[in-house]
Amino acid sequence: MQNNECTADKFYNCSCFCTDNIFLEDYKLHVKYMSEEQFKWDYQHILKTLGCTTVAQYDVVLEKINAEAERRKSLSVQSAERAEHIKKHYTPLHPHVYHLQEAYLAPEFINLVQYSLSKDATKEGLLKLINSEAEELEHFEKSDVPKGRPNTMNNYGILLNELGFDEAFISSLRELYLTPVTSLLYPDCGGESLDSHKAFVVKYSMNEDLDLSYHYDNAEVTLNVSLGKEFTEGNLYFGDMRQVPLSETECAEVEHCVAEGLLHRGQQMHGALPISSGLRWNLIIWMRSSQERNRLCPMCNKRPVLVEGDGFADGFTKADIPEQRALCALH
């Protein structure tokens, strides 16, 4: 296959990484925090309507925001330290699963990829073809090595780059199998030029996280695969793009069966309803296009101000992108 991806030696974060899109779990609210004065002006009234009515409650909110900002500032260093510790002290239960093999993929998915690579492939033709076990993860979770939190909304899960899945599994999956499909489905928001990703697994159980609040992703295209194990309820729901006011949005519920994957634009609002029993694992891959996000950061809606990051960081590069190309309106 001809690799038409944009390549880069170094990936960066946008400076908004430590200030924007901080999720307040108690109030199901995403906020921006530049200063205490700005935050009070922008959010104090909203928080009051959501039940934050006392000084003590407001102080707790500020404590949580400052803790999250500090976590983000040290994230790359701590992640590198965890990855090194895991490499030295964790023994995989099934070493072979860290290297992608075509045998792992469903024949129906291979057919989609092969069609997408054919010279006559079209989005319409691809859509006609699309029909409208997590032992290693559990083994790792039970180990005593340190584990990072996937993001501000998921408290339980695993960062796959720290576990060693990126180079031989996730990158190959993105480059060889997913990009041919996303090139046809999502050319309007970087589906042809996905050159980095963040991959993690999230866990839902009765004594931990049950659901996932309505949100959008820090990605151009997202893959969500249901890994199992056994659970009831917990369907996904999807709304409009994040630019559409909530009052004008209608959500559609989607059943997410074990071993099925869903592709969607990162800026499409979505969430997960509560499970009512069992244990659920989901593989999430946020795929990013530096060509798109170099022009407009999907988190702060501004041209990114770059700060150094490790690995794929948040998918920004220093590539010189012509200003005249249309901005992607979809996250």
Side-chain angles (χ1 to χ4, degrees), residues 1 3 5 79-114 116 133-151 154-182 194-205 208-209 217 219 221-231 234 256-263 272 275 278-288 310-312:
M1 145 179 192
N3 191 338
E5 287 190 296
S79 181
E81 291 175 349
R82 285 193 299 267
E84 184 64 24
H85 185 93
I86 291 167
K87 186 177 180 180
K88 290 180 179 179
H89 300 284
Y90 175 69
T91 302
L93 180 64
H94 298 299
H96 64 278
V97 303
Y98 289 74
H99 299 267
L100 180 64
Q101 300 178 37
E102 196 163 288
Y104 298 165
L105 306 175
E108 297 86 352
F109 177 65
I110 298 299
N111 289 338
L112 295 179
V113 175
Q114 291 174 343
S116 300
E133 218 75 32
E135 281 188 347
E136 181 64 38
L137 301 175
E138 288 185 311
H139 183 251
F140 175 73
E141 185 193 34
K142 292 175 182 177
S143 71
D144 58 3
V145 295
K147 303 166 186 71
R149 181 183 179 188
N151 54 66
N154 296 108
N155 297 296
Y156 302 93
I158 298 168
L159 292 166
L160 293 183
N161 66 306
E162 294 182 2
L163 189 50
F165 271 96
D166 255 3
E167 185 174 348
F169 193 106
I170 303 297
S171 290
S172 296
L173 179 63
R174 170 175 54 80
E175 294 171 4
L176 300 178
Y177 296 97
L178 293 173
T179 296
V181 177
T182 60
L194 301 173
D195 55 1
S196 69
H197 61 260
K198 177 178 180 179
F200 53 96
V201 176
V202 294
K203 176 188 175 187
Y204 303 91
S205 71
E208 298 173 339
D209 288 340
D217 298 335
V221 181
T222 294
L223 173 67
N224 183 340
V225 181
S226 178
L227 301 177
K229 303 175 57 177
E230 293 184 3
F231 57 91
H256 199 193
C257 299
V258 174
E260 288 187 355
L262 290 170
L263 278 171
I275 62 170
L279 175 65
R280 173 182 183 177
W281 289 92
N282 283 67
L283 166 66
I284 310 295
I285 306 179
W286 288 351
M287 294 178 282
R288 294 157 170 169
D310 293 329
F312 285 131

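Residues Gly261 and His256 share a closest heavy-atom pair of CA-NE2, 4.3 Å. Taking each heavy atom of Phe231 and Leu279 in turn, the nearest pair found is CD2-O, 3.7 Å. Residues Cys257 and Ser226 come closest through the heavy atom pair O-CB, 3.3 Å. Of all heavy-atom pairs spanning Pro180 and Ser116, the tightest one is O-CB, 3.3 Å. Between Ser143 and Lys147, the shortest heavy-atom contact is O-NZ, 2.7 Å.
If you look at Tyr98 and Phe169, their ring centroids are not closer than 6.0 Å. Ring centroid separation for the pair Phe200 and Trp286 comes in under the 6.0 Å cut-off. Two rings, from His139 and Tyr90, have their centers less than 6.0 Å apart.
Put simply, the side chain of Tyr177 does not reach to within 4.5 Å of the side chain of Leu112, judged on heavy atoms. Residues Lys203 and Glu141 form a side-chain contact, since some pair of their non-hydrogen atoms from C-beta on lies under 4.5 Å apart. Counting heavy atoms from C-beta outward, Ile285 and Leu173 have side chains that approach closer than 4.5 Å. Within the 4.5 Å cutoff, the side chain of Trp281 has heavy atoms near those of the Ile158 side chain. Residues Pro92 and Glu136 have side chains in contact (heavy-atom distance under 4.5 Å, counting atoms from C-beta outward). Ile110 is listed as a side-chain neighbour of Glu102, based on a closest heavy-atom distance under 4.5 Å. Contact check for Asn282 versus Val225: no side-chain heavy atoms found under the 4.5 Å cut-off. Residues Leu163 and Ile86 form a side-chain contact, since some pair of their non-hydrogen atoms from C-beta on lies under 4.5 Å apart.
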Check step by step if side chain to side chain contact (heavy atoms under 4.5 Å, CB included) holds for Leu223 and Leu262. CA-CA 6 Å; Leu223 173 67; Leu262 290 170; over 6 Å; no
Full working for side-chain hydrogen bond (donor to acceptor under 3.5 Å, both in side chains) between His197 and Asp166: CA-CA 9 Å; His197 61 260; Asp166 255 3; 2.9 Å; yes
The test is side chain to side chain contact (heavy atoms under 4.5 Å, CB included); show your working for Ile284 and Thr222 and say whether it passes. CA-CA 7 Å; Ile284 310 295; Thr222 294; 4.2 Å; yes
Applying side chain to side chain contact (heavy atoms under 4.5 Å, CB included) to Leu178 and Val221, what does each step give before you reach the verdict? CA-CA 10 Å; Leu178 293 173; Val221 181; over 6 Å; no
Would Lys198 and Arg288 count as a side chain to side chain contact (heavy atoms under 4.5 Å, CB included) if you check the C-alpha gap in whole Å, the side-chain angles of each, and the deciding distance to 0.1 Å? CA-CA 8 Å; Lys198 177 178 180 179; Arg288 294 157 170 169; 3.9 Å; yes
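Note that Arg174 lies in the cation-pi zone of Phe312, set by a 6.0 Å cut-off to the ring centre and a 45° limit from the axis.
In terms of modelled atom types and a separation under 3.5 Å, the side chain of Lys229 and the main chain of Leu227 share no donor-acceptor contact.
Aromatic ring pairs are classed by plane angle as parallel below 30°, tilted from 30° to 60° and perpendicular above 60°; the pair His89 and His85 is tilted.
The CG atom of Asn224 sits 11.0 Å away from the CD atom of Glu260 when rounded to the nearest 0.5 Å. Note that the CG atom of Leu176 and the CG atom of Leu100 stand 7.5 Å from one another [nearest 0.5 Å].
Within 6.0 Å of CD on Glu230 lie no more than 12 heavy atoms contributed by other residues, nucleotides or ligands.
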